[in-house]
Amino acid sequence: MEQELAELNKQVLTLQKELSRVSDEADIRKTHHKYGYYLDKCLYNEVVDLFSNCPDTFIEFLGSRYLGKAGVKRLYKKRFAETFVAGRNGPIHGFLLDHIMMQDIVDVSPSGDRAWCRMRALMQAGTHHSIEKDLPLGHRQWWEGGLYENEYVKEDGVWKLWRYRYFPFWHAHFEAGWSKTKPNHVPWPTMTFPEDPTGPDEILERKMLWPDTRVLPFHYPHPVTGKRINSDDLRAPKYGEGVQEGCEEPLVLELSSGSKWEGAEEQESSKGEKVLPELVQDKVDK
């Protein structure tokens, strides 16, 4: 009888852990989709409130990083709000900025208070011709496609955006399509804060925009083999040439200012692991 009760208790604990994982994945997915809905309508106050208060919170965007909650506020409440909606919180008449969030892959850490999510965004944006003279952007309409490789942290029982990485890989004018997009279509930051009052805190060496097609590294190993993808296979050489000198280096997932995932292990991944070992900094006893 005691053995049966012990086995039953073990099964209950296993089910509780699995239920918590599934529930956490759903909450993280909801958090990111809610972020998308707020962003659509330029509700930047609400966007900022989704981010963690951890000192190592950051946003990586367009070859630069905005550090801490102050950097998050500067990007959304200053740069975006002043550029798109004249500094207000909320939409303006005739401006479209829809973000469709999809293909999400969420993985929760063993401790249950940190997580990763890879997700795709497809954006339709532009202005109605009736506001052409009122808006500094003028009349334009465009597409954008990008990928997220974000980290999330649970604070006081609530999942929040923590280390945010958005790579907007391609843009296209609606009329001409992506085959006619000029290289480096979006200007890269050249100055940091405070020299640029709405600028980033760090400027990174790596820059990528269409027609660059390098692969944003996956936070997870292959689900069948348990192996990571060879870094050279994530590069994008010219047709028929293969990887050689002069080919762009592979993209990487990094933390700000060269810091590391404390406690993470530099080792080969194995079958059954949800996140690459070098990215898991919180461990639990098995």
Side-chain angles (χ1 to χ4, degrees), residues 28-53 57-102 104 117 119-150 152 158-175 185-189 191 193-194 196-201 209:
I28 293 162
R29 190 173 288 111
K30 287 179 182 178
T31 296
H32 193 97
H33 284 294
K34 289 174 182 178
Y35 162 84
Y37 280 115
Y38 293 146
L39 195 61
D40 290 345
K41 296 303 180 183
C42 303
L43 292 164
Y44 297 123
N45 291 344
E46 285 69 23
V47 166
V48 169
D49 287 342
L50 290 173
F51 280 81
S52 166
N53 293 313
T57 293
F58 69 76
I59 292 175
E60 184 171 332
F61 173 66
L62 282 178
S64 62
R65 287 198 191 98
Y66 294 76
L67 304 180
K69 202 65 174 282
V72 172
K73 292 178 180 178
R74 190 185 323 123
L75 176 61
Y76 290 103
K77 293 188 177 184
K78 296 289 290 181
R79 178 175 173 176
F80 288 164
E82 292 177 1
T83 299
F84 296 135
V85 290
R88 79 178 299 267
N89 187 58
I92 59 169
H93 177 77
F95 179 57
L96 178 71
L97 197 69
D98 283 355
H99 297 71
I100 300 173
M101 304 296 187
M102 53 189 171
D104 38 279
C117 177
M119 189 177 294
R120 185 180 301 279
L122 177 62
M123 185 172 75
Q124 303 98 41
T127 56
H128 192 266
H129 71 89
S130 63
I131 67 168
E132 179 178 358
K133 296 181 180 179
D134 301 325
L135 196 67
L137 289 174
H139 179 220
R140 61 173 68 180
Q141 50 188 352
W142 73 95
W143 298 95
E144 177 178 309
L147 284 174
Y148 297 92
E149 267 288 2
N150 291 342
Y152 301 78
V158 178
W159 284 103
K160 296 182 181 180
L161 284 159
W162 179 25
R163 294 163 175 165
Y164 169 110
R165 304 172 184 86
Y166 176 58
F167 295 77
F169 279 117
W170 63 269
H171 300 80
H173 291 294
F174 185 82
E175 297 81 2
H185 176 72
V186 179
W188 298 97
M191 295 185 295
F193 179 82
D196 178 354
T198 65
D201 297 282
L209 279 178

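What's counted below: heavy atoms across the whole structure, side chains too, no hydrogens, waters or symmetry copies.
Between Ile131 and His93, the shortest heavy-atom contact is CD1-O, 3.5 Å. Nearest heavy atom pair, residue Gly199 against residue Arg74, reads O-NH1, 2.8 Å. Across all non-hydrogen atoms, the minimal contact from Trp188 to Leu209 is CZ2-CG, 3.6 Å. Nearest heavy-atom pair across Phe61 and Leu75 is CD2-CD1, 4.4 Å. The two residues Lys69 and Val48 come nearest to each other via the heavy atoms CE-O, 3.1 Å. For the residue pair Asn45 and Asn89, the shortest heavy atom distance occurs at N-OD1, 2.8 Å.
Between the side chains of Tyr35 and His99, no donor-acceptor pair is found at a separation under 3.5 Å. Looking at Tyr76 and Tyr38, their side chains never bring a donor and an acceptor atom within 3.5 Å of each other.
Distance check, rounded to the nearest 0.5 Å: NE2 of His173 to CD of Gln141 gives 10.5 Å. We find the CZ-CZ distance between Arg163 and Arg65 to be 10.5 Å, quoted to the nearest 0.5 Å. With rounding to the nearest 0.5 Å, the separation of CE in Met191 from CG in Asp196 is 4.5 Å. With rounding to the nearest 0.5 Å, the separation of CD1 in Ile28 from OH in Tyr152 is 7.5 Å. Atom-to-atom distance recorded for His128:NE2 and Asp134:CG is 12.5 Å, nearest 0.5 angstrom. Atom CG of residue Leu62 and atom CZ of residue Phe167 lie 10.5 Å apart, to the nearest 0.5 angstrom.
A heavy-atom distance below 4.5 Å is not found between the side chains of Leu147 and Tyr166. Within the 4.5 Å cutoff, the side chain of Asp104 has no heavy atoms near those of the His32 side chain.
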Report task. Tell me, with the steps shown, if Phe51 and Ile59 meet side-chain contact (heavy atoms from CB on, under 4.5 Å). Result -> CA-CA 10 Å; Phe51 280 81; Ile59 292 175; 3.8 Å; yes

Report task. Evaluate the side-chain contact (heavy atoms from CB on, under 4.5 Å) criterion for residues Ile100 and Gln124: first the C-alpha distance (whole Å), next the side-chain angles of each, then the deciding distance (0.1 Å), finally the verdict. Result -> CA-CA 8 Å; Ile100 300 173; Gln124 303 98 41; 3.4 Å; yes

Query - Steps toward side-chain contact (heavy atoms from CB on, under 4.5 Å) verdict (Leu97, Met123) - result: CA-CA 7 Å; Leu97 197 69; Met123 185 172 75; 3.9 Å; yes

**Report entry** Full working for side-chain contact (heavy atoms from CB on, under 4.5 Å) between Met119 and His33
**Finding:** CA-CA 10 Å; Met119 189 177 294; His33 284 294; 4.2 Å; yes

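Scored by the ring-ring contact (aromatic ring centres under 6.0 Å, His included) test, His171 finds His185 as partners (sequence neighbours excluded). When the salt bridge (Lys or Arg N to Asp or Glu O under 4.0 Å) test is applied to Glu46, no partner is found at least two apart in sequence or on another chain. Shown here are the salt bridge (Lys or Arg N to Asp or Glu O under 4.0 Å) partners of Glu132, two or more places apart in sequence or in another chain: there are none.
One N or O on the side chain of Arg165 and one on the backbone of Glu149 form a donor-acceptor pair closer than 3.5 Å. When atom types are taken as modelled, the side chain of Thr198 and the backbone of Lys78 share no donor-acceptor pair closer than 3.5 angstrom.
Enclosure of atom NZ in Lys160 by more than 12 non-hydrogen atoms of other residues, nucleotides or ligands within 6.0 angstrom is indicated.
Of the candidates Phe58, Tyr66, Tyr148, Tyr148 is the only one forming a ring-ring contact (aromatic ring centres under 6.0 Å, His included) with Tyr164.
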